[in-house]
Amino acid sequence: MNTQHLNTGHQRSIRIIRQAEFRRLIGYLEASPGDPATIDLIGDPGSGKTFLLSALARAADDSGFVVLDGRCSGAVAGIAYAPLIGSLAALPDPAAAVEEVLAQLTKPGVGDRALSGSTLVAAFRRLFHHWQHTKVLILLDDFNQIDPGSLELIELLQRCAPGAFTLVCAHRPRPAPQFVREFLHDLLDSDTAVRIELAPFCALQSADLLDMPPEGPGLAELHRRAQGNPLYLRTLAELHGAPTSSLTETTFGTRLIGEIAGLDAEQLSVIETAAVFGGSVDIDTLAVIAELDPARVCAVATTLIEADLLRRAKHNREIAVRHPLVAELVAARIDPCRRSGLYRRTTDLLRQRGASATVLAGYLENVDVAATRAADLAVFVAAARDAMPADPRSASWWLEIVMRRAPGGADPDIVARAGVHVALIRARLAAGEIDRASALLLADPARTEDAPVTTIAFRAVMAAAAGAAYLADELIEARQLAAPCSREDRLILLMACGAVDFLRGALPSLDQMCEIRQLVEDNDDPIYHAMSSALLGFREVWDGDGGVATRTLELSAAIVDEMPDAAFADQPACLALLGWGEALTGRLAGAERHLSRALTLAELYGDTYLRPILQAGLCYTYQDLGRFVEAEHVIAQVATPDGEDGGRRGLIVALRARNHAITGPGICAIDDDASASSLWPRESRWTRIATLILADAAMLTGDAELCASLILRAGGSVTMSDIPPALRPCCYQALAAAAANAAAAVERWAAYAETSAEQVPQQHAFAVTALGHLDRSHGDHEAATMRYQQAAELFAEAKMPGAQARLLLAAADAAISVGDPGLATSLLSLTKQLARESGATQVYRTASEALGSLLVRHETSTTTVELAGLTSREREVAHLIAATGMRTRDAALRLGLSPRTVDTHLTSIYRKLNISSRTALAALVAGQV
């Protein structure tokens with residue numbers, strides 16, 4: 001039998017997902033005498049029992065079986081032998097023996113007579129004798145509802161006609177009548193029956209059923225909600241494909257409505273209450289919510305368990321609706337007013353028991369809007385705050401409920417008081433709902449005049465991060481013009497202005513910084529002190545003395561490192577400013593610590609609008625630290641900003657180009673990126689940083705001319721006044737390297753590098769590197785080698801192994817020019833080790849090629865020296881035998897010598913060259929060539 005697809009009327013084929021179970025069923029049909037003759041097929045409603053029975057019936061029929069397919073459902077309750085009558089009557093062209101059995105089964109009062117020795121049993125014996133050369137298969141679905149007479153007849157036939165038929169009984173795992181349980185228990189205890197249980201689908205089976213790829217969007221959620229049940233999977237997929245449809249309109253809904261149609265008022269009340277509660281619930285809780293006596297609830301629950309509408313939970317004292325989808329449909333059919341009341345009573349009870357805001361919000365969202373209380377809105381706000389880190393979509397949903405319900409009178413001021421507007425924007429951004437977040441963000445600024453200053457500040461920073469800096473300016477200006485500000489409100493607005501400037505690549509003015517410092521002196525909140533120091537330090541990075549900037553940033557870092565995470569909820573840009581300031585001044589350990597922390601908090605509090613600038617800063621830091629694999633991981637996650645992003649898009653493009661130039665599989669051309677960089681906003685500080693990063697990528701790819709052009713564009717002039725002082729030594733050494741053999745130009749750039757460098761390891765390293773370039777331009781490769789090694793040691797002190805590897809490579813190249821292969825080999829080996837550890841693929845490849853070339857030259861030189869130690873006749877003999885492989889006698893004839901003389905020469909050659917065979921001689925001579 002074909003267990004993959006079964007032909008049904010040549011119109012279509014049934015695709016069987018449960019292949020393992022179906023193959024077992026087929027195997028038992030083809031079993032030999034003595035194998036189990038009864039198969040107990042058990043599975044939840046919708047698990048596929050009826051489908052498998054139908055497929056089995058078709059397969060058996062195709063194989064020549066007589067198939068009696070009956071259903072023991074309640075639709076034919078009260079009719080004796082109903083399943084057998086139905087299955088026999090459905091046979092095509094029934095024989096006389098079939099007609100005789102049907103006549104006996106349908107006699108009036110037949111169910112009241114004893115079966116033993118009856119004419120009915122005799123009629124069945126004659127029927128099985130008629131089918132003695134044909135296999136018989138009896139399929140009984142809903143076996144737990146079989147009538148006593150049919151079961152008694154089945155038992156009698158199994159005893160009177162053993163082996164005459166195979167019985168497959170399919171049923172739910174719910175409690176069955178005692179006589180059915182006893183029948184199944186006795187069979188399974190013997191060797192005459194076997195049980196096949198239909199487990200929930202695995203994810204792959206669910207994908208197969210729904211014709212979806214295993215990794216397809218939405219499959220995991222469908223599989224989770226359906227709990228692997230095929231019927232529920234199809235139902236959920238149907239609703240997903242037709243969002244306007246309701247659960248009651250599905251096949252599943254129709255079947256379930258039929259199941260609950262016969263329930264009385266008390267039964268309906270209990271199952272509705274259980275459906276509203278969801279999950280497992282104890283009897284006492286059900287009684288309180290349903291407003292019924294606990295004893296009555298217990299009795300009714302037992303009845304519903306027997307009907308398989310409720311089931312006992314893992315905890316014996318608790319019960320639950322059969323499946324969450326069943327509960328959903330039951331709850332949907334409750335009268336709206338009654339449903340709202342049930343959810344309200346459930347919420348009140350759980351609130352008394354100390355349930356979390358997240359749990360309470362799940363019930364409160366179903367309470368009628370008109371019945372909303374002020375305390376309910378506070379629960380939604382708290383639930384959104386708790387859900388934000390892991391489930392921003394739920395947070396967004398609950399905050400939207402607050403926005404809709406608050407104006408109705410429950411608590412109209414909570415939106416402003418709790419910062420719901422800002423929280424909702426954050427939640428939507430965190431959930432990836434960019435368009436919906438923008439719709440809130442781009443609201444008319446005039447409408448926010450009365451909003452709290454903290455809300456205005458947040459919206460301004462978010463607008464700048466989203467590429468709408470113009471809106472940020474409008475928001476702050478509108479608030480400043482609306483009404484006089486308190487000193488603290490003025491401080492918050494000024495800090496928001498500073499954060500906006502930071503995001504668009506600008507700097508706060510000196511007047512703003514002076515006012516901020518004055519206002520901070522009157523405030524004890526450490527976050528304001530940390531933020532003001534970070535703002536001032538970032539400004540000093542660009543326009544001040546490097547040492548002053550470092551001290552200011554250290555002050556901010558000292559405050560920040562003592563503060564709990566929650567303190568940054570109102571100033572999320574503080575860590576971004578501090579981290580970037582540290583990265584640009586070479587304080588890389590601090591930069592990594594603070595930018596990593598900022599990213600973690602951005603996820604926690606929903607400040608995902610800051611994620612691109614934070615990820616760019618962390619990638620920049622990792623690149624300087626020589627941790628290129630981590631840099632690649634971070635930059636791969638960055639979403640390129642939209643709108644007027646203040647040059648941050650160029651920053652991300654440049655970081656990707658540099659990382660690819662270092663770690664890529666081959667040479668990376670950056671001409672396109674360089675051309676595009678001319679369109680980046682020139683006034684932005686981020687554009688200048690991006691241009692410098694792109695220049696370094698150009699140098700890595702060997703395009704020194706492009707590197708120099710980009711550096712001069714970023715610096716604004718030879719004085720590099722447009723870039724941070726801490727970065728100038730690096731730029732000057734790159735210009736010195738690009739000048740190559742133009743000694744005068746190299747000398748000028750090296751002088752600039754030396755005078756601009758402060759006494760910190762990495763700046764000093766760049767200055768020493770520039771002097772090394774100067775030495776090479778003068779042809780003093782020995783001095784250059786020493787300079788490059790000194791610079792490498794300084795980079796090692798600064799914990800910058802990537803830069804250290806590049807300088808060791810330059811030192812090795814200079815050592816080769818000096819003619820010191822031993823030193824070059826040592827330097828190249830160390831370069832490979834550092835490049836491997838940091839992930840600098842291109843540096844590793846270059847060092848490997850140089851080392852290989854150096855070794856080949858060394859081997860060739862060694863071979864020439866060794867052969868030079870032979871006499872002229874020995875060299876003649878060695879070359880002849882190595883090149884031709886001649887035997888001694890032939891070589892002697894060619895050279896006009898005796899064989900003994902040739903052997904004497906070979907012995908001397910082997911001794912002098914420390915070899916022992918002609919093969920080794922051939923290899924040695926070949927190495928010389």
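Computed from a predicted structure; not experimentally measured.
Of the listed residues (P508, C514, S509), just one forms a side-chain contact (heavy atoms from CB on, under 4.5 Å) with D511, and that residue is S509.
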Under the side chain to side chain contact (heavy atoms under 4.5 Å, CB included) rule, what do T663 and V629 come out as? Steps first, then yes or no, please.
-> CA-CA 8 Å; T663 66; V629 174; 6.0 Å; no
Carefully, step by step, assess V843 and R806 under the rule side chain to side chain contact (heavy atoms under 4.5 Å, CB included).
-> CA-CA 7 Å; V843 175; R806 289 168 68 176; 4.0 Å; yes
Can you check salt bridge (charged side-chain N to carboxylate O under 4.0 Å, His left out) on D722 and R728, steps first, answer last?
-> CA-CA 10 Å; D722 287 351; R728 290 170 191 170; over 6 Å; no
Take R551 and E540, measure what salt bridge (charged side-chain N to carboxylate O under 4.0 Å, His left out) needs, and give me the verdict at the end.
-> CA-CA 10 Å; R551 288 190 291 274; E540 290 170 345; over 6 Å; no
Should L510 and R539 be marked as a side chain to side chain contact (heavy atoms under 4.5 Å, CB included) after you check the CA-CA gap, both sets of side-chain angles, and the distance that decides it?
-> CA-CA 9 Å; L510 285 174; R539 177 183 172 80; 3.2 Å; yes
Chi angles and distances behind the side chain to side chain contact (heavy atoms under 4.5 Å, CB included) call for D607, L601 | CA-CA 8 Å; D607 295 314; L601 295 181; over 6 Å; no
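Using a 4.5 Å cut-off on side-chain heavy atoms (C-beta onward), R688 and W542 make contact. The shortest side-chain heavy-atom distance between E632 and H660 does not fall under the 4.5 Å cut-off. For the pair C731 and L692, the minimum side-chain heavy-atom distance is below 4.5 Å. Two residues are said to be in side-chain contact when any heavy atoms from C-beta on lie closer than 4.5 Å; E515 and L494 meet this criterion. Side chains of R597 and V560 form a contact here, defined as non-hydrogen atoms less than 4.5 Å apart. Proximity of M495 to S532: side-chain heavy atoms (C-beta onward) are separated by under 4.5 Å at one or more points. Taking 4.5 Å as the limit, every side-chain heavy atom of I711 sits out of range of all side-chain heavy atoms of Y732. Within the 4.5 Å cutoff, the side chain of Q512 has no heavy atoms near those of the L535 side chain.
Residues in residues 567-583 take part in these side chain to side chain donor-acceptor pair (under 3.5 Å) pairs, two or more places apart or across chains: E582-R587, E582-H594. Screening residues 786-812 for ring pair (Phe, Tyr, Trp, His ring centres under 6.0 Å) gives F766-F795, H773-Y788 as the qualifying pairs, with residues at least two apart or on separate chains. Screening residues 787-798 for salt bridge (Lys or Arg N to Asp or Glu O under 4.0 Å) gives D775-R787 as the qualifying pairs, with residues at least two apart or on separate chains. Evaluation of the salt bridge (Lys or Arg N to Asp or Glu O under 4.0 Å) test over residues 809-837, restricted to residues two or more places apart or in two chains, returns R776-D813. Legend: salt bridge (Lys or Arg N to Asp or Glu O under 4.0 Å) pairs involving residues 746-772, not counting sequence neighbours: none detected.
Distance check: L553 CG to L536 CG gives 8.5 Å after rounding to the nearest 0.5 Å. Expressed to the nearest 0.5 Å, how far CG of L584 lies from OG1 of T621 amounts to 8.5 Å. Note that the CD atom of E592 and the CG atom of D624 stand 12.0 Å from one another [nearest 0.5 Å]. With values rounded to the nearest 0.5 angstrom, E554 atom CD is found 12.5 Å from I559 atom CD1. To the nearest 0.5 Å, the span separating NE2 on H529 from CD1 on I516 amounts to 12.5 Å. For the atom pair CE of M800 and OG of S838, the computed distance is 12.0 Å after rounding to the nearest 0.5 Å.
Between the side chain of N659 and the backbone N or O of F628 there is at least one donor-acceptor pair closer than 3.5 Å. Although no hydrogens or angles enter the test, the distance criterion places no donor-acceptor pair under 3.5 Å between the side chain of S556 and the main chain of S533. No donor-acceptor pair under 3.5 Å is formed between the side chain of S709 and the backbone N or O of L706. When atom types are taken as modelled, the side chain of Q623 and the backbone of L655 share a donor-acceptor pair closer than 3.5 angstrom. Although no hydrogens or angles enter the test, the distance criterion places a donor-acceptor pair under 3.5 Å between the side chain of T701 and the main chain of A698. Checking side-chain atoms of Q733 against main-chain N and O of A753 turns up no donor-acceptor pair under 3.5 Å.
Between F538 and W686, the two ring planes are tilted [angle within 30° to 60°].
When the shell of 6.0 Å around CE of M513 is examined, it contains more than 12 heavy atoms from other residues, nucleotides or ligands. Crowding of H633 atom NE2: a count of heavy atoms from other residues, nucleotides or ligands under 6.0 Å not exceeding 12.
Judged as a side chain to side chain contact (heavy atoms under 4.5 Å, CB included), and not counting sequence neighbours, the contacts of Q615 are L599, R611, V634, Q637, V638.
The two residues I693 and A654 come nearest to each other via the heavy atoms CG2-O, 3.4 Å. Scanning both residues, A791 and T769, for their nearest heavy atoms gives CB-OG1, 3.3 Å. Listed here is the closest heavy atom pair of L614 and A598: CD2-CB, 3.6 Å. A734 approaches C707 most closely through the heavy-atom pair CB-SG, 4.2 Å. The two residues A534 and L577 come nearest to each other via the heavy atoms CB-CB, 4.0 Å. Residues P801 and G626 come closest through the heavy atom pair CG-CA, 4.3 Å.
A salt bridge between D501 and R685 is absent, with no side-chain N of the basic residue lying under 4.0 Å from a carboxylate O of the acidic one.
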